[in-house]
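Presented below is the structure to which this report refers.
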There are 2 protein chains.
Amino acid sequence: MTEARRPPARTRLLDAADRVLFEQGIRATPVDDLLREAGVSVSTLYTHFGSKDGLVAEVLDTRLHDWRMVWDRCVVAAHDDEGRLLAIFDAVATYREEQHHPAGWCAFLAAADELPSAPAAIAQVLASHTDLLTERLLHLSRPLAQNQVKAQELADEMALIYTGVLASYLRGYPGSPVEGGRRAAQAAVQARRTG
Amino acid sequence: MTEARRPPARTRLLDAADRVLFEQGIRATPVDDLLREAGVSVSTLYTHFGSKDGLVAEVLDTRLHDWRMVWDRCVVAAHDDEGRLLAIFDAVATYREEQHHPAGWCAFLAAADELPSAPAAIAQVLASHTDLLTERLLHLSRPLAQNQVKAQELADEMALIYTGVLASYLRGYPGSPVEGGRRAAQAAVQARRTG
DNA sequence: GTCTATAATAAGATAGAC
DNA sequence: GTCTATCTTATTATAGAC
């Protein structure tokens, strides 16, 4: 049996944090759990990341990068304007299945809730995530709206529905939020077409 | 000047907890902050509520009671089926303005995120809140849908949008979630009418 | 019986010495 | 990487005031 080479401690810690933090809750997870899960020592954490918050910031950064790529891919795969706007729901489903664990809801919103006085590193990732969301949704809404105001309204509704899908995983209801989200988004698009 | 009578320590602590816990974050708020804010001693907390979680459970219970009443009022004030379904957004606006502080997002979702291994008392309030939401939305959706399946779909979309409105306060975008939520909900109702 | 004040205990985050 | 020390926080215990 060829033995798999063990990744460096820094990588193992990042992976463990990504796996555990957002299932157990950020604050609910003691650093000891992460250290045990990763098989690293306390010093590894504090020399590489400075603090638990520093580790969280790096994990969030990786997640933002992954999310952006998945969303990119799904937008490109769509074949018309409506499909490109609705691609965010494909992206949510894909991201949860492929990239990260189907448990948990949204790492960014969880961080916003649990770390209200977040250090700059975390606050900045959250802001980048929100910027990506708002700018891209507005961009994708434009072709489907008669004017700039209507486009902004549609984009806001999309952000609302998307956020609702994520938070519904936390609530545990409805059972398949992505499907309901897609239906609600289609209705919003259609309303702008007929109205 | 007639001096206002000071409410009992138990009440002061409940009020302080309701004010502070969901603005600062549940876990981010040390009990000392609540004690100082309420002007009570440590023993008061532990004799009356048993633990910080016990206090949280009681505050959530009060909030559920208040929310149910506000929602009731707004449903009764509406004058047609669509208005009664959409009344949940009036209720959100009213609840935030009148009953509780406009900061913070949703006490129940925050508790679900921050206290994943919640004691029974808290888990039960959260379940009651979700039950109220799902049952009432389904009830109010029935007159607007041709059959039971469509009614359930509409109710799911409403729950999604409602949850999105609340979580949008956490995200800080869109700026006026209630308005976008109402538009999205109207589109969902209309889609079920035309489709 | 309700409340306060204070100290002791235990767990967790952080930091540094080795 | 281990070990130890410090700081914060939740919790409990003790003792006393109204």
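Chain naming here is simple, since letters A, B, ... match the order of the sequence lines and numbering starts at 1 in each.
- For residues 20-54 of chain A, proximity to DNA chain D is found at A/Ser41, A/Ser43, A/Thr44, defined as any non-hydrogen atom under 4.0 angstrom from a strand atom.
- Among residue pairs with one or both ends in residues 19-44 of chain B, none qualify as ring-ring contact (aromatic ring centres under 6.0 Å, His included); sequence neighbours excluded.
- Sorted by first and then second residue, the pairs that involve residues 68-99 of chain A and meet ring-ring contact (aromatic ring centres under 6.0 Å, His included), not counting sequence neighbours, are A/Trp67-A/Trp71, A/Trp67-A/Tyr95, A/Tyr95-A/His100.
- The closest donor-acceptor contact from the side chain of A/Arg96 to the backbone of A/Pro102 lies under 3.5 Å.
- Partners of A/Thr62 under the side-chain contact (heavy atoms from CB on, under 4.5 Å) rule, at least two apart in sequence or in another chain, are A/Asp66.
- With a heavy-atom cut-off of 4.0 Å to chain A, the contacted part of DNA chain C has its first and last nucleotide at C/dA13 to C/dA15.
- Partners of A/Glu135 according to the side-chain hydrogen bond (donor to acceptor under 3.5 Å, both in side chains) rule, which considers only residues two or more places apart in sequence or in another chain, do not exist here.
- Legend: residues meeting salt bridge (charged side-chain N to carboxylate O under 4.0 Å, His left out) with B/Asp131, ordered by chain and number and at least two apart, are absent.
- With sequence neighbours left out, the side-chain contact (heavy atoms from CB on, under 4.5 Å) criterion links A/Pro116 to A/Arg27, B/Ala28.
- Among residues two or more places apart in sequence or in another chain, the salt bridge (charged side-chain N to carboxylate O under 4.0 Å, His left out) test is passed with B/Arg182 by B/Asp90.
- By the salt bridge (charged side-chain N to carboxylate O under 4.0 Å, His left out) test, A/Arg68 pairs with no residue at all, sequence neighbours left out.
- Using five terminal pairs a side, the axes of the helix from C/dG1-D/dC18 to C/dC18-D/dG1 at its two ends make an angle of 10°, given in steps of 10 degrees.
- By the side-chain contact (heavy atoms from CB on, under 4.5 Å) test, B/Ala38 is found to be paired with B/Arg12, B/Leu13, B/Ala16, B/Val40, residues two or more places apart in sequence or in another chain being considered.
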